[in-house]
Visitor: 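Below is one structure. I have some questions about it.
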2 protein chains.
Amino acid sequence: MGYEQDDMDKLREPLGDIAQCGLPLALEAMGERWSFMILRAAFNGIRHFEDFLEALGIARNILSNRLSRLVEAGILKREHCADDRRRIEYRLTPKGLDLLPAMLALRQWGEKWELGVPANPVLCDARDGHPIAPIGIFSHDGRALSAEDLTWRDLSEIETAPAALALRKLP
Amino acid sequence: MGYEQDDMDKLREPLGDIAQCGLPLALEAMGERWSFMILRAAFNGIRHFEDFLEALGIARNILSNRLSRLVEAGILKREHCADDRRRIEYRLTPKGLDLLPAMLALRQWGEKWELGVPANPVLCDARDGHPIAPIGIFSHDGRALSAEDLTWRDLSEIETAPAALALRKLP
DNA sequence: TATTTAAGTTTCTAGTTGCAACCTAAAACC
DNA sequence: GGTTTTAGGTTGCAACTAGAAACTTAAATA
């Protein structure tokens with residue numbers, strides 16, 4: 001916790017090209033009041049309208065509206081059950097599943113800074129049973145980075161740009 | 001992208017204890033419409049009321065309200081400039097700076113799934129100039145994890161619980 | 001002292017969100 | 001065929017959110 005914002009001037013982005021930024025686009029899809037809570041429920045295996053309703057304590061029309069929007073955004077898919085064709089299942093798409101790091105980062109932040117007691121249950125690695133690491137920022141080769149280690153560079157200046165951009169997982 | 005939600009049943013959390021979850025608490029602080037955009041501007045070095053106003057294109061009263069709420073939540077601090085005491089600086093607190101991973105995760109998601117063109121400029125490691133790795137989920141010893149690798153465990157069952165919880169950065 | 005500036009506050013307006021309660025449609029079940 | 005279940009639409013109403021424009025206050029500045 002030893003750094004102040006003074007150290008961060010490198011992180012100054014040439015603002016103004018707000019359309020070029022992924023954040024407003026992400027917020028357009030996920031920025032509404034219940035969206036993340038619905039996503040959380042979906043990650044917990046909830047798939048049916050009435051179950052979301054009960055789990056979240058949300059009004060029907062709002063839930064209906066949010067589910068439609070999430071389906072429209074490609075975050076959930078809406079399909080009829082094979083066995084009971086009047087039941088509809090809302091399930092996470094790959095695009096929706098890919099929101100898990102963002103959701104966990106937010107959640108960990110809330111646990112760390114807002115929740116008084118240690119969170120329970122704890123999200124763990126199924127392989128060894130240990131709690132997962134805090135979501136963080138890492139260099140391409142796995143070093144932990146903080147705000148003062150970051151800088152903006154123009155796409156054209158990055159030597160390995162195409163390879164680095166295509167690479168979506170660590171070695 | 002090769003997994004479906006079927007693989008994820010281990011991730012089912014014993015719902016209901018919504019107060020115990022950090023996500024609603026995080027959303028209470030950051031869930032409002034402009035909060036993340038204000039945070040983004042703050043990370044870009046913007047500190048003054050009129051600069052936020054111009055950078056975001058937000059109404060004065062809403063900006064005033066949001067800044068107050070973020071200060072109340074301990075995400076920004078509000079202090080008078082030493083040199084010009086009518087100027088007020090809003091600056092990120094350690095709690096606010098700690099939202100960077102969550103913001104970047106959201107932003108990377110938006111870039112990956114919503115933005116048509118490659119994002120520019122690119123956030124890079126200042127040390128080697130390479131783009132940062134995608135924000136992801138990692139085990140305590142640095143293995144990349146995906147949704148199907150995760151499970152919930154009760155706090156009491158975790159052998160190294162106190163040490164693991166105290167540890168907030170990777171070795 | 002008068003003026004300008006930064007950071008609000010207030011007022012008025014329109015639109016959105018949210019809830020409760022009721023209504024509809026289609027599929028399944030008897 | 002009639003009933004129940006599931007998904008969700010409709011209506012009415014209160015609260016909140018957002019924007020524009022005018023007003024306020026304190027501090028710097030000329």
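Order of the sequence lines fixes the chain letters, A, B, ..., with proteins taken first and strands second; residue numbering starts at 1 for each chain. Just so it is clear, the model here is predicted, and its values are computed rather than measured.
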Visitor: Side chain of A:Arg85, heavy atoms from C-beta onward: which of C:dT17, C:dA27, C:dT9 has the nearest atom to it?
Guide: C:dA27
Visitor: Between A:Tyr90 and A:Phe49 (judged by ring centroids, cut-off 6.0 Å), do the two rings come close enough to count as a pair?
Guide: no
Visitor: Would you mind reading off the distance between B:Phe49 atom CZ and D:dA27 atom C1', rounded to a whole angstrom?
Guide: 17 Å
Visitor: For B:Glu79 and C:dA6, give me the distance from atom CD to atom C1', rounded to whole Å.
Guide: 16 Å
Visitor: For A:Ile62 and D:dG9, what is the distance between atoms CD1 and C1' respectively, to the nearest whole Å?
Guide: 13 Å
Visitor: Would you indicate, yes or no, if C:dG18 has its OP1 or OP2 atom less than 4.0 angstrom from a side-chain nitrogen or oxygen of A:Trp34?
Guide: yes
Visitor: Roughly how many Å is it from CD in A:Glu54 to P in C:dC19, rounded to a whole number?
Guide: 16 Å
Visitor: Should A:Asp149 and B:Arg127 count as an ion pair when the cut-off is N to O under 4.0 Å?
Guide: no
Visitor: Starting at atom CG of B:Asp83, determine the distance to atom P of D:dA28, rounded to an integer number of angstrom.
Guide: 9 Å
Visitor: Around atom CD of B:Glu54, are there more than 12 heavy atoms from other residues, nucleotides or ligands closer than 6.0 Å?
Guide: no
Visitor: I want to check one thing: is the phosphate of D:dT6, taken as OP1 and OP2, less than 4.0 Å away from some side-chain N or O of A:His48?
Guide: no
Visitor: So what does B:Asn65 hit on the nucleic acid, given a heavy-atom distance under 4.0 Å: a base, only sugar-phosphate, or nothing?
Guide: nothing
Visitor: Base, sugar-phosphate, or nothing: which does B:Ile88 touch, judged by heavy atoms less than 4.0 Å apart?
Guide: sugar-phosphate
Visitor: For A:Leu76 and D:dA7, give me the distance from atom CG to atom C1', rounded to whole Å.
Guide: 15 Å
Visitor: Does A:Asp84 reach the main-chain N or O of A:Arg86 with its side chain, forming a donor-acceptor pair under 3.5 Å?
Guide: yes
Visitor: I need the CZ-P distance between A:Arg86 and C:dA27, as an integer number of Å.
Guide: 10 Å
Visitor: Considering residues, nucleotides and ligands other than B:Glu157, do more than 12 of their heavy atoms fall under 6.0 Å from its CD?
Guide: yes
Visitor: When you measure from the side chain of B:Glu50, which nucleotide among C:dA28, C:dA6, D:dA7 comes out closest?
Guide: C:dA6
Visitor: Can you figure out which of D:dT29, D:dA18, C:dT17 approaches the side chain of B:Arg66 most closely?
Guide: D:dA18
Visitor: Measure from CG on B:Leu63 to P on D:dA20 and round the result to the nearest Å.
Guide: 13 Å
Visitor: Looking across every strand, which nucleic acid part, if any, lies under 4.0 Å from A:Arg60 by heavy atom: base, sugar-phosphate, or nothing?
Guide: base
Visitor: Taking the side chain of A:Asn61 as heavy atoms from C-beta outward, which of D:dT17, D:dT11, C:dA28 is closest to it?
Guide: D:dT11
Visitor: Mapping A:Arg87 and A:Ser68 to their closest nucleotides on DNA chain D, which lands nearer the 5' end?
Guide: A:Arg87
Visitor: Hey, does the side chain of A:Tyr90 come within less than 4.0 Å of D:dG8's phosphate (OP1/OP2), counting only N and O?
Guide: yes
Visitor: Looking for any heavy atom pair under 4.0 Å, which part of the strands does A:Arg33 touch: base, sugar-phosphate only, or nothing?
Guide: sugar-phosphate
